[in-house]
2 protein chains.
Amino acid sequence: MAARAGVSRATASRVLRGESNVSDHAKEQVEAAAHDLGYVPDLAARSLVTGRTGSVAFLVDETEERMFADPFFLGMLRSAHQVLADNSIQLVFTVANSPEDHRRFVSYAAGGHVDGVLLLSLHSRDELPLQLEQLGVPTVLSGRPLHGSDGLSFIDADNVGGGRLATEYLIGLGRHHVATIAGPQDMCAGQDRLAGYRAALEAAGTAYDPSLVTEDEFTQAGGFDAMTRLMRARPEIDAVFAASDLLAIGAVRAIRAAGRSVPADVAVVGFDDIADARVQEPPLTTIRQPIGELGAGMAQLLLDRMAGAAPAAGRVLPVELVVRHTA
Amino acid sequence: MAARAGVSRATASRVLRGESNVSDHAKEQVEAAAHDLGYVPDLAARSLVTGRTGSVAFLVDETEERMFADPFFLGMLRSAHQVLADNSIQLVFTVANSPEDHRRFVSYAAGGHVDGVLLLSLHSRDELPLQLEQLGVPTVLSGRPLHGSDGLSFIDADNVGGGRLATEYLIGLGRHHVATIAGPQDMCAGQDRLAGYRAALEAAGTAYDPSLVTEDEFTQAGGFDAMTRLMRARPEIDAVFAASDLLAIGAVRAIRAAGRSVPADVAVVGFDDIADARVQEPPLTTIRQPIGELGAGMAQLLLDRMAGAAPAAGRVLPVELVVRHTA
DNA sequence: AGAGTCCGTGAGAGCGCTCTCACAGATGAA
DNA sequence: TTCATCTGTGAGAGCGCTCTCACGGACTCT
């Protein structure tokens, strides 16, 4: 290839990498030769010497089932992919939900096959992000890490603010028995949204009542079950803040299945504003979190890290109340 | 690392790759040393010599918007990913919907960063799969390629059979004006489902009537518009076969918006059996294609190709009619 | 005992790039 | 003219592995 162009391999390499200090003549020769030969540089060889691969991993710590059932993850995947593609970075899609999977992933990343990691839905005090950073693999989390931020980069929505907003709105409606269906408490989003609920109650001078609180996983079935439990325990409930739209949709079904109406008997506010929330019957009142910006911001944060930026603290994006018909 | 274990690099390499002709002693030494040092082999260096990378591309020839709005693609992504993960192969997720994107992708694949390609939603007579095969990159298509199968591997559902099944069912219901909303005719699925519709009509001795046929893209909005056109042109229509569930859902809305009822006035049959079809109001009668098997089969076909199998002809999986409430 | 076989191991050549360094020739300053 | 500077280029080392080949030692077979 270099021979065909009549230049050295060094010069050919310079042209192919777009360096500027090459004569126009040499440049043309190389480009013509590359075109004739259908020559494409070998990425593995390049990686070996540069130490970079041009790809990052998108790692979801959930089952495939959950990942694909949740519009939140899909939205993050979509927007992160877009930002990465604009920067000519490939996205390697990975799901890892067992300690064994995590170990394998660490080896993979440490082996140098990705330049960085986008980590979603981290549970509890998982060591994964710290391990990755120690191995020199820049990592950005979606959701504030539970064990203090430890110098990790993350992006998150204002979950506490959102939980508070939703609850205050329900109280403002004149409801007196405001319950909540909390998400898993081993996740930051679950904890924070519940904290927001408590904060709103306290601000309103209402005592926190554990029997108005139940916890379930972020699924429709979880919402149905949780609401059923809640109504059985405290029939006088007249409002509920569900910590995700999927939970809220399940809750609405449970309320109706119990012969009561939404929002007349029980008002419901969800969280996320997934696409389904709008077309739901009735359309869901919810807290909108900017999923597109979250994904894009996450990717951008990683890109900055890969370009050498220090592990910045996290970014927290604002949420807003979207009033539709369930509250 | 080899020094630490007191063996040669060759032996260390043998252990790390899991070769069997190594003494137990040497094996233990190497494993202990690797563990102590947190040593992980560099994948780029390995790729350079083996010529393989352990990853394949999942390429969708659609806009991001379309890709993420369509449960079919998501289902394929999910099941393909699962099979690949089981074989320790990473999936590189890519969207490419312009000639420019295609060119870039060819360079990427030719550069040797993936061992194979899963190609979805190919339009018209695109050269992409042939180019890839010529460059020595095994490629498997979802959907029969339009220009004869050219020695390409593909997997597909029985679209002709499904279109025929749907249409025969509508005719069997006693409907006399069976229309169809066809998908894009530059795609194999669009063409084949329409061909099935024609075949059923002919088998029943009914003449094919172009004014009962309209074409639109595989989206809900497309279905709404198409059905509106159809009813305006031929108000006597009493049944419609929509070439996808998204189209069918849009069609049902259009029919109701026109003040007519489903299925009493107009019966509707869709195609795909996406998750939404079941929870739709009313639940959709549709042709189920086995999305999970399609994605898994596609991945398996590619794995076989990568293991050296010849570009087998395609596999066509059967579909079935699922009767619910719209027909 | 000698020849043949097998098994585990090490030496060493590359894989295809990038990147540093040195150098020739052109240019500019003194 | 002489020396310093700059610009484009080539030579060559080396990235961290795998894989072939050759070899010593233990074993079996006649």
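Quick note on labels: first sequence line is chain A, next is B, and so on, each numbered from 1.
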Peer 1: Could you give the CG-to-C1' distance, from B:L43 to C:dC15, as a whole number of Å?
Peer 2: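 So the CG-C1' distance, B:L43 to C:dC15, works out to 15 Å.
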Peer 1: Extract all donor-acceptor atom pairs below 3.5 Å that involve side chains of residues 20-30 of chain B and protein atoms in other chains or at least two apart in sequence.
Peer 2:
from	atom 1	to	atom 2	distance (Å)
B:S23	OG	B:A26	N	3.2

Peer 1: Going by the rule ring-ring contact (aromatic ring centres under 6.0 Å, His included), which residues pair with B:F72 if we only count those two or more places apart in sequence or in a different chain?
Peer 2: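 If we apply the ring-ring contact (aromatic ring centres under 6.0 Å, His included) test to B:F72, skipping adjacent residues, there are no hits.
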Peer 1: Please determine, for the side chain of B:A45, which listed nucleotide (C:dT18, D:dG16, D:dT18) has the closest atom?
Peer 2: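 Of the candidates, D:dG16 comes closest.
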Peer 1: Report, as yes or no, whether the 6.0 Å neighbourhood of atom CZ on A:R17 holds more than 12 heavy atoms from other residues, nucleotides or ligands.
Peer 2: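 Yes - once you tally the heavy atoms of other residues, nucleotides and ligands closer than 6.0 Å, there are more than 12.
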Peer 1: Describe, as an angle rounded to 10 degrees, how the axis at the first end of the helix from C:dA1-D:dT30 to C:dA30-D:dT1 is tilted relative to the axis at the last end, five pairs per end.
Peer 2: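 Here the local axes at opposite ends form an angle of 30°.
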Peer 1: Quick one: list whatever passes side-chain hydrogen bond (donor to acceptor under 3.5 Å, both in side chains) with A:D42, sequence neighbours left out.
Peer 2: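 Expected list: none.
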Peer 1: Rounded to whole Å, how long is the line connecting atom CG of B:D24 with atom C1' of C:dT9?
Peer 2: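 About 15 Å, once rounded to whole Å.
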Peer 1: For A:F218, what residues pass the ring-ring contact (aromatic ring centres under 6.0 Å, His included) criterion, not counting sequence neighbours?
Peer 2: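 Scan of A:F218 (ring-ring contact (aromatic ring centres under 6.0 Å, His included), adjacent residues dropped) gives none.
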Peer 1: Mapping B:K27 and B:L48 to their closest nucleotides on DNA chain C, which lands nearer the 5' end?
Peer 2: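 Here B:K27 is the residue nearer the 5' end.
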Peer 1: Choosing from D:dC17, C:dT18, C:dC17, which nucleotide comes nearest the side chain of A:R17?
Peer 2: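 Nearest to the side-chain atoms of A:R17, counting from C-beta on, is C:dT18.
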Peer 1: Report, as a single string ordered 5' to 3', how protein heavy atoms within less than 4.0 Å touch nucleotides 8-13 of chain D: B base, S sugar-phosphate only, - not at all.
Peer 2: SBBB--
Peer 1: Given atom CZ of B:R52 and atom P of C:dG16, what is their separation to the nearest angstrom?
Peer 2: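 Distance, rounded to whole Å: 15 Å.
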Peer 1: If a pair satisfies salt bridge (charged side-chain N to carboxylate O under 4.0 Å, His left out) and one of its residues is in residues 67-95 of chain B, list it, with sequence neighbours excluded.
Peer 2: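 The answer is A:E65-B:R78.
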Peer 1: With sequence neighbours excluded, what pairs up with B:Q82 under the side-chain hydrogen bond (donor to acceptor under 3.5 Å, both in side chains) test?
Peer 2: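 So B:Q82 forms no side-chain hydrogen bond (donor to acceptor under 3.5 Å, both in side chains) with any residue.
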Peer 1: Atom CG of B:D42 to atom C1' of C:dC15: distance rounded to whole Å?
Peer 2: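 After rounding, the reported distance stands at 13 Å.
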Peer 1: Report yes or no: do A:S121 and A:D61 form a side-chain donor-acceptor pair below 3.5 Å?
Peer 2: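 Absent: no donor and acceptor within the cut-off.
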Peer 1: Got a sec, which pairs hit salt bridge (charged side-chain N to carboxylate O under 4.0 Å, His left out) with one end in residues 295-312 of chain A, sequence neighbours left out?
Peer 2: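 For residues 295-312 of chain A, and leaving out neighbouring residues, the salt bridge (charged side-chain N to carboxylate O under 4.0 Å, His left out) pairs sorted by first residue read A:E133-A:R305.
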Peer 1: Rounded to the Å, how far apart are B:H113 NE2 and C:dC17 P?
Peer 2: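 Atom-to-atom, B:H113 to C:dC17, this comes out as 13 Å.
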Peer 1: Rounding to an integer number of Å, can you tell me how far A:L16 CG sits from C:dC17 C1'?
Peer 2: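 Checked: the CG to C1' distance equals 11 Å.
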